[in-house]
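One structure below.
Every number for a ligand or one of its atoms is a count from 1 in the order of the listing. Keep in mind that what you see is a predicted model, and the values were worked out from it rather than measured.
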Amino acid sequence: MRSIIDIPDLSLPELDALMDTAEDIIRRPGDYAEVCRHKKLATLFFEPSTRTRLSFEAAMYELGGNVISVAGADASSVAKGESVADTVKTVSCYADIIAMRHPKEGAARVAAMNATVPVINAGDGGHAHPTQTLADLLTIRREKGGFSGLTVGMCGDLKFGRTVHSLLSALCRYENMRFVLISPEELKVPSYVKSECLKRNSLPYTQVTDLESVIGDLDILYMTRVQRERFFNEEDYVRLKDSYILTPDKLRKAKADLCIMHPLPRVNEISVAVDTDPRACYFKQVLNGKFMREALILKLLKEAGTL
Ligand code: NCD
């Protein structure tokens with residue numbers, strides 16, 4: 001049974017094909033409005049979420065399917081001590097496909113090993129978030145026309161930010177990319193991500209602590225929130241949380257066609273005054289995420305023989 005736990009589970013041609021399907025859904029939504037009739041998606045979210053859960057659910061409805069849902073560990077048998085394995089074996093009896101978010105790294109892999117229907121990782125702790133990456137890729141392709149020769153800045157919590165890890169894993173597979181990793185010393189990209197992505201593909205990258213000195217070089221600026229829930233103590237979070245705040249003033253040095261991205265939710269990382277700048281793409285990412293999740297649900301249900 002094919003599940004998607006992280007970006008390496010999809011080949012480059014498959015990533016491109018998912019983007020093509022999403023573009024087709026955008027052009028001809030009516031052709032997809034009934035394709036998942038009588039099929040059920042289960043959303044199991046054991047960590048807070050607004051966009052990811054609702055976009056999975058909206059995606060399934062737009063394909064004509066139905067949704068069953070558990071929101072919050074407190075509301076399910078997890079609160080009684082049930083294991084992830086038993087939960088997904090149970091949910092496999094009710095649903096054709098599962099999207100799961102869990103606070104523990106690796107939980108999605110355990111789910112995929114035990115489910116009898118496809119599992120999509122909707123975020124596992126500080127590890128990976130492949131469907132956010134699908135949203136990010138479509139946004140970059142639509143804004144920049146492709147993935148060659150881009151200088152990508154990633155800024156903020158690069159240590160705990162799972163969206164950063166999955167996006168790096170995807171972008172490292174395209175050619176002629178350069179990366180500028182902007183973070184406080186304490187929140188640098190984990191070494192396993194560097195060795196699996198950047199070093200393995202011998203891609204040029206620099207690590208800096210200052211955003212303003214590099215902003216003018218960037219084609220993409222991917223801002224992220226400091227991941228409060230993954231810190232061991234509140235003092236460190238408070239000290240680091242406002243390390244980077246993007247303002248119209250800082251953007252004066254940026255390229256005219258910079259693409260400003262953020263997986264959201266934003267706390268203080270981007271001033272709301274930036275929202276009206278034509279370079280702000282973060283709400284486009286939200287919309288693109290729904291279309292990419294539609295494309296992924298379709299692909300996995302077809303491969304499982306359900307459609
Ligand atoms: C991200 C996540 O959950 O990792 N949010 C999202 O799904 N769009 C980013 C975050 O929470 O900071």
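Interface of Thr52 with ligand 1, defined as ligand atoms under 4.0 Å from a residue heavy atom, comprises 6 (C), 7 (O). Each of the following atoms of ligand 1 lies closer than 4.0 Å to a heavy atom of Arg225: 10 (C), 11 (O), 12 (O).
When only non-hydrogen protein atoms are considered, atom 3 (O) of ligand 1 lies nearest to Arg162 NH2, 2.9 Å. The protein heavy atom nearest to atom 6 (C) of ligand 1 is Leu264 O, 3.4 Å.
When only interatomic distances are considered, the shortest N/O to N/O separation between Pro265 and ligand 1 does not fall below 3.5 Å.
At a heavy-atom cutoff of 4.0 Å, ligand 1 is contacted by the side chain of Thr163 but not by its backbone.
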request  = Evaluate side-chain hydrogen bond (donor to acceptor under 3.5 Å, both in side chains) for Asp275 paired with Tyr282, printing each intermediate quantity in order.
outcome  = CA-CA 9 Å; Asp275 295 2; Tyr282 26 95; 2.7 Å; yes
task = Tell me, with the steps shown, if Thr306 and Asp96 meet side-chain hydrogen bond (donor to acceptor under 3.5 Å, both in side chains).
result = CA-CA 7 Å; Thr306 312; Asp96 301 291; 5.1 Å; no
request  = Applying side-chain hydrogen bond (donor to acceptor under 3.5 Å, both in side chains), run through Arg293 and Ser55 and close with a yes or a no.
outcome  = CA-CA 7 Å; Arg293 290 183 176 103; Ser55 77; 2.6 Å; yes
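When Glu229, Gln132, Arg228, Gln227 are checked for heavy-atom proximity to atom 12 (O) of ligand 1, Gln227 turns out nearest.
In terms of modelled atom types and a separation under 3.5 Å, the side chain of Thr224 and the main chain of Cys155 share a donor-acceptor contact.
Between Phe147 and Tyr174, the angle of the ring planes stays under 30°, which puts this pair in the parallel group of the 30/60° scheme.
Heavy atoms of Arg101 approach ligand 1 to within less than 4.0 angstrom.
The side chain to side chain contact (heavy atoms under 4.5 Å, CB included) test with Leu158 singles out one residue from Leu181, Leu187, Ile182, and that residue is Leu181.
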